[in-house]
There are 2 protein chains.
Amino acid sequence: MISPEQLRRYPFFAGLTADQLRGIAMISDEVSYQAKTLIFREGEEAQYLYVLVKGEVELLYSGGNEGDIADTFVGSIVQGEVFGISTMAGPFHLTASAKSEGLVETIKIEAAGLRAMCEVDHGLGYILMQHLAQALTQRLHEARIQLAAANKKN
Amino acid sequence: MISPEQLRRYPFFAGLTADQLRGIAMISDEVSYQAKTLIFREGEEAQYLYVLVKGEVELLYSGGNEGDIADTFVGSIVQGEVFGISTMAGPFHLTASAKSEGLVETIKIEAAGLRAMCEVDHGLGYILMQHLAQALTQRLHEARIQLAAANKKN
């Protein structure tokens, strides 16, 4: 468990009530990772939603079982952003791997608990899903910029 | 206005009540486009959410004002899918252009009205935002597959 105050500062939790923040804090923990650590692997069941408190995280993509593609850099997460967001949208399997660049500090939130809270409190679910959709839109934008640049080189 | 039954068959509206479907049908219209028509342009204000009823739509991306990138193909929309989804997640500007491949039939939903309905009915907002996040996750997956393939060629 962490203090609700630790969540309040992040845009992902903006607009939540004190009760909602307290609930999420109860299923959250602080976790640190050494540099160059694999935090989670693409294709695994999505068990946690992470908030990046300190450091930088790289997202890597290998196309799952669909080919012989080596890990491709598909974006980086900076301080204050959430990652492991496929934890919140079906089919609940991680769509990329996450690796710490340097030393990384995170808040790790139990995904099943967070999804359950959204089911009983649709106001919470609506806000979090909106923030999730915004984060996904941002990731999509980054992937497309890189794609356009890569196509230009070919 | 269309009939609520026209919405019920699409996965994006799965789980909605008869009242919720009726409300959305009231702000929806059927619109067709000839082949090779620009349905909307990247960067424009997002005014409508579209359901693709028939045909195929290409998504093109040019990086907005960030460079001299030509239109890059970033994915296609097939029958039954929604597009113009940046209409539902901030900052409410279209993140790609959409062009009809052949003749295209769509259902066009007023985005401001749909967002307003979500604000007063959080149960509706929660379901639609979940489906939106799933659609975005799918688009992200497609963009990353293409990115990994493009990087392999370089």
Side-chain angles (χ1 to χ4, degrees), chain A residues 11 42 46 59-64 66-75 85-96 115 117-154, chain B residues 11 42 46 59-64 66-75 85-96 115 117-154:
Chain A
E42 180 186 337
L59 294 181
L60 304 168
Y61 177 77
S62 72
E66 291 175 33
D68 57 347
I69 301 165
D71 276 356
T72 299
F73 172 82
V74 288
I85 51 181
S86 34
T87 223
M88 291 299 288
F92 310 123
H93 281 79
L94 292 155
T95 56
R115 291 197 301 257
M117 286 173 66
C118 292
E119 286 298 322
V120 297
D121 179 351
H122 290 165
L124 173 67
Y126 176 49
I127 291 181
L128 289 187
M129 284 294 156
Q130 275 182 296
H131 294 170
L132 181 72
Q134 284 163 9
L136 281 164
T137 302
Q138 180 58 27
R139 297 275 205 292
L140 186 58
H141 181 68
E142 286 164 15
R144 285 172 173 174
I145 287 179
Q146 288 182 62
L147 178 61
N151 280 339
K152 212 178 159 188
K153 271 194 252 168
N154 287 327
Chain B
E42 181 186 337
L59 295 181
L60 303 167
Y61 177 78
S62 72
E66 291 175 34
D68 57 347
I69 301 167
D71 276 356
T72 299
F73 172 81
V74 288
I85 52 183
S86 35
T87 221
M88 292 298 288
F92 310 122
H93 281 80
L94 292 155
T95 55
R115 291 198 302 257
M117 286 174 66
C118 292
E119 286 298 321
V120 297
D121 178 351
H122 289 166
L124 173 67
Y126 177 49
I127 290 181
L128 290 188
M129 283 294 155
Q130 275 182 294
H131 294 170
L132 181 72
Q134 284 162 10
L136 281 163
T137 302
Q138 179 58 28
R139 296 275 204 292
L140 186 57
H141 181 68
E142 285 162 17
R144 284 173 175 174
I145 286 180
Q146 288 181 63
L147 178 60
N151 280 339
K152 213 179 157 185
K153 271 194 254 169
N154 285 330

Exercise for review: Hey, could you give me the OG1/CZ distance between B:T87 and B:F92, rounded to the nearest 0.5 Å?
Suggested key: 8.5 Å
Check your understanding: Would you say A:R139 and A:I85 make side-chain contact, with heavy atoms under 4.5 Å?
Key -> yes
Practice item. Identify which part of B:L60 has an atom lying under 4.5 Å from any heavy atom of chain A, answering side chain, backbone, both or neither. Key: neither
Exercise for review: Hey, could you give me the CG/CD distance between A:L147 and B:E142, rounded to the nearest 0.5 Å?
Suggested key: 11.5 Å
**Study point:** Top contributor to chain A interface from B:Q146, B:H131, B:M88, B:Q138 [non-hydrogen pairs under 4.5 Å]
**Key:** B:Q146
Check your understanding: What residues form a side chain to side chain donor-acceptor pair (under 3.5 Å) with B:Q134, not counting sequence neighbours?
Key -> none
Under 3.5 Å, sequence neighbours excluded: what are the donor-acceptor pairs made by side chains of residues 119-128 of chain A?
residue : atom : partner : partner atom : Å
A:E119  : OE2  : B:Y126  : OH           : 3.1
A:D121  : OD1  : A:G123  : N            : 3.2
A:D121  : OD1  : A:L124  : N            : 3.1
A:D121  : OD2  : A:Q20   : NE2          : 2.8
A:H122  : NE2  : A:E119  : O            : 3.2
A:Y126  : OH   : B:E119  : OE2          : 3.0

Check your understanding: Relative to chain A, which segment of B:L140 carries a heavy atom at a distance below 4.5 Å: side chain, backbone, both, or neither?
Key -> both
Study note, to complete from the structure: Pair count under 4.5 Å, heavy atoms only, with chain A: among B:L132, B:T137, B:L136, B:T95, highest is B:L136
Practice item. Could you tell me which of B:C118, B:S86, B:A143 has the largest number of non-hydrogen atom pairs under 4.5 Å with chain A? Key: B:C118
